[in-house]
Structure formats: structure tokens, C-alpha cells
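Worksheet: one structure, shown below.
Numbers for residues simply follow the sequence, beginning at 1.
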Amino acid sequence: MTAPLDRSATWPYEDGKPGRFSYARADHPAGVACEEALGALDGGHALLYPSGMGAVTTVVLTMLRAGDTIALAEGAYYGHRVLFDHLAPWGVRVVEFDQTGSPPAAVDLVLVEAPANPLLTMPDLEATAAHPAPVVCDATVASPLRLRPLEHGCDVVLHSATKVLAGHDDVVAGVTVTRSRELHDRLHLTRRLAGIVASPDAAWLVQRGLETLGPRLDVQEASARVLAARLAEHPAVQTVRYPGFSFLISFDVADGEAAGRVERAVATIENATSLGGIRSKLEARHRWEGDRIPQGLLRLSVGLEDNEVLWADLEHALGNA
Ligand SMILES: *Cc1c(COP(=O)(O)O)cnc(C)c1O
């Protein structure tokens, strides 16, 4: 049966007192149901937000004070760096480090990404967990079905639920999961006071996506493995990055012009941003990330389409490289 969707913003008091639900900025039934499913997947207490960036913002407002420094994995999702720079007037400082080794000493929060998007390095979670500062792991690309960072000593797992968790490119949402009840309650307080809350409709769509997460990921991953191996053999492709699991590949062609020609030539694969959805997407990332990545880097998110159809599309497009 499909879960009912209660869009109420407010619920009657029970005997003059607020019941489990009273005002939707604090909690609502669709949100709580979705959080239970997300918490079970990652092994902790989940909170839902209106976007992945809303989740990061809530983490920063809750876990840092003015003057504190975040150690951010080099090559992690570019939006994190842009947000932290934007928050500089509030005293947020950031240093970048190579996440395949230990985080720098004397920082107040560590943010790693597993695997980093789009360079697809994996963090050394053992070295990171040994650091005294709290550790946040953005595991959007791995998903909880391939990595459960809380089991590796991370304090907070973060996901853009917009991506593979929801999976259909029809909702923007974010998640944090923590083992500590105390930290969960502090994040919840920030979320409620600041109003960084996902709508019931968004929660309902994320939860519907979770019902097919396993089979979607299995098919997308099997297809990505084949495509990564074939791309590595293609004469127009210089470098292929694929972590060996999940749906995301990045590869380099000769230069920015060649990348532009390839992205405009794909047909089945959409030339669009985002990742993790059921429809494959390809884009040159230089337009967003500038010189932190190679000019010819193309990011491919593999969807559910027939693998041979995807390869034919790529082969044709690479003919223009
Ligand atoms: C998309 C993305 C985000 C940001 O999430 P939004 O839902 O777009 O706000 C954060 N981290 C990673 C790895 C992402 O891919």
C-alpha cells in the first residue's frame, strides 16, 4: 500500500497539550516516516532537510562557532567550498587536505566525501576517525548500501537525497544521520529554529525512492562497471576514474573544446547536471568547478537504460572528441 500523505501544517492539541505532531516546522508524519527508513539504512538517527546544502548548513550552524576551521577534502563536492567561503563573514574558516591521508591537526571539524565527486578518491576513514575533531562524511555517491560511515567512526553521515536515494530527478532533499542522540537533538533544534525543513511532499518522494534503491543501484553499478572498462580502452579517452562501485564515472578527453563537443553529441544520455537518477547524465564539469579539475573532465552518472544503448551513445559522441 502507498503511504498516506498528510500535508497539514498544524494538528489539534490533545487535552490542551501538543501531541506528537503540532506544527510541521518541527516534525511531520511523512518526514518522520522517511527519517525512520533513512536511519535504518545508515544505522543511526536521521534528519531530513530541503536540500543537501540545507543539511550542510545545519551541520555548520550546529557544530561550529565563529573562528572555527573546517578541514575539507580536496576535490570534494564544489558546493561545500563555495558555501564555506560564502559563510566567511560569520567566521567560518576552511583548509583543504588530501583525504587519502590524515586530516591536518588543529581543525574543529573534518568533512570528507566517499567517494569525492567528481575526482572519485576515497577517504582514509581510519586515519580520519583517529582525528580528535568530529568527522562528517558526505556519502551521497556511495549511498548507505555501499558504505555506512558511522560504522567507520564518522560522527555524521550526509547525503544529498536529491541524487540516488530519491533517484528520479523530481525532488531536492538532504539527510544527516548520527549515532549520538545528543548531536541529533542539537541538529534538530537548529533545523526547527532556522526552518530548514523539507516539505511532506519531498519526504514522501524520497521515501518512495528508497523502496527501489537496492535494485536501481545494482543495475546502475553493473552498467557503470562495464562502461568504465570500455571507456578506458577508447582512444579518445585519456583517464578514467571509477572507484569500483556505484554509478558515477569521470573521464578526461583532450581538452575543454573536446569535452564540449562530446557533451553536445550524446542523445540517450542527457546533457544535464546532477547524478544518481534513473536517467544517465553527462556534463563537462569545468563550467562549474573551473581549474580545480581538468578542462577535459566529463562526469557520467549511469542510469537504468540498456547498457549497450548507453555504450553506443558514448561511442558515437566520442567520435566527435
Ligand atoms: C548534489 C550534492 C550535494 C548538494 O546537494 P543538493 O541536494 O543539491 O543541495 C552535496 N554533496 C554531493 C556529493 C552532491 O552530489
Side-chain angles (χ1 to χ4, degrees), residues 52-53 55-56 59-60 63-64 67-88 92-144 146-160 163 176 224 228 232 237-252 256 259 275 284-301:
M53 296 317 291
V56 186
V59 165
V60 169
M63 299 179 74
L64 292 177
D68 279 357
T69 301
I70 304 171
L72 174 65
E74 267 164 24
Y77 178 63
Y78 86 111
H80 296 325
R81 179 66 204 236
V82 176
L83 171 68
F84 299 152
D85 287 344
H86 185 72
L87 295 179
V92 173
R93 289 166 205 192
V94 55
V95 290
E96 293 198 5
F97 75 103
D98 174 0
Q99 70 167 356
T100 62
S102 299
V107 296
D108 305 286
L109 188 81
V110 180
L111 175 44
V112 294
E113 189 177 332
N117 155 24
L119 295 179
L120 297 166
T121 61
M122 282 295 281
D124 180 340
L125 288 178
E126 211 174 314
T128 308
H131 195 282
V135 177
V136 179
C137 180
D138 182 337
T140 298
V141 175
S143 94
R146 295 295 181 267
L147 180 74
R148 287 162 48 113
L150 298 178
E151 291 172 0
H152 297 270
C154 296
D155 298 280
V156 181
V157 190
L158 196 114
H159 298 284
S160 167
K163 312 295 167 55
T176 58
V237 175
Q238 297 181 343
T239 310
V240 178
R241 301 173 202 81
Y242 179 62
F245 65 95
S246 211
F247 53 82
L248 198 65
I249 301 170
S250 72
F251 60 97
D252 299 353
L275 49 96
R285 286 298 295 174
H286 195 262
R287 61 157 62 75
W288 299 111
E289 306 199 32
D291 289 333
R292 70 201 286 271
I293 55 152
Q295 298 241 353
L297 184 145
L298 289 156
R299 188 181 71 189
L300 172 64
S301 176

- request: Please determine, by modelled atom types, if Q99 and T128 share a side-chain donor-acceptor pair under 3.5 angstrom.
  value: no
Spatial distance of atom CE (M122) from atom CG (L147) [nearest 0.5 Å]: 5.5 Å
task: Measure from the side-chain N and O atoms of T100 to the backbone N and O of P123, and report whether any donor-acceptor pair falls under 3.5 Å.
output: no
message: Let me confirm one number: the CG-CD distance from L111 to E96, rounded to the nearest 0.5 Å.
response: 10.0 Å
query: Quick one: CZ on F84 to CZ on R93, what's the gap to the nearest 0.5 Å?
result: 15.0 Å
task: Please answer whether the main-chain N or O of P104 pairs with a side-chain N or O of H131 as donor and acceptor at a distance below 3.5 Å.
output: yes
query: Just how far is it from atom OG1 of T140 to atom CG of L275, taken to the nearest 0.5 Å?
result: 7.5 Å
message: Do S246 and R146 pair up side chain to side chain, a donor and an acceptor below 3.5 Å, judged on atom types alone?
response: no
- prompt: Under the side-chain contact (heavy atoms from CB on, under 4.5 Å) criterion, do V92 and I70 qualify, and how do the steps go?
  reply: CA-CA 8 Å; V92 173; I70 304 171; 3.8 Å; yes
- request: Would you please name every residue forming a ring pair (Phe, Tyr, Trp, His ring centres under 6.0 Å) with Y77, sequence neighbours left out?
  value: H80
task: Apply side-chain contact (heavy atoms from CB on, under 4.5 Å) to V107 and V95, showing your working.
output: CA-CA 9 Å; V107 296; V95 290; 4.0 Å; yes
message: Using 0.5 Å steps for rounding, measure from the NE2 atom of H152 to the SG atom of C137.
response: 9.0 Å
query: Salt bridge or not for R292 and E74, using N-O below 4.0 Å?
result: no
- line: Residues at least two apart in sequence or cross-chain that pass side chain to side chain donor-acceptor pair (under 3.5 Å) with T239, listed by chain then number, are none
message: If you apply the rule side-chain hydrogen bond (donor to acceptor under 3.5 Å, both in side chains), what do you find for R299 with S250, and how did you get there?
response: CA-CA 4 Å; R299 188 181 71 189; S250 72; over 6 Å; no
message: Can you pull out every salt bridge (Lys or Arg N to Asp or Glu O under 4.0 Å) where at least one residue sits in residues 105-134? Sequence neighbours excluded, please.
response: none
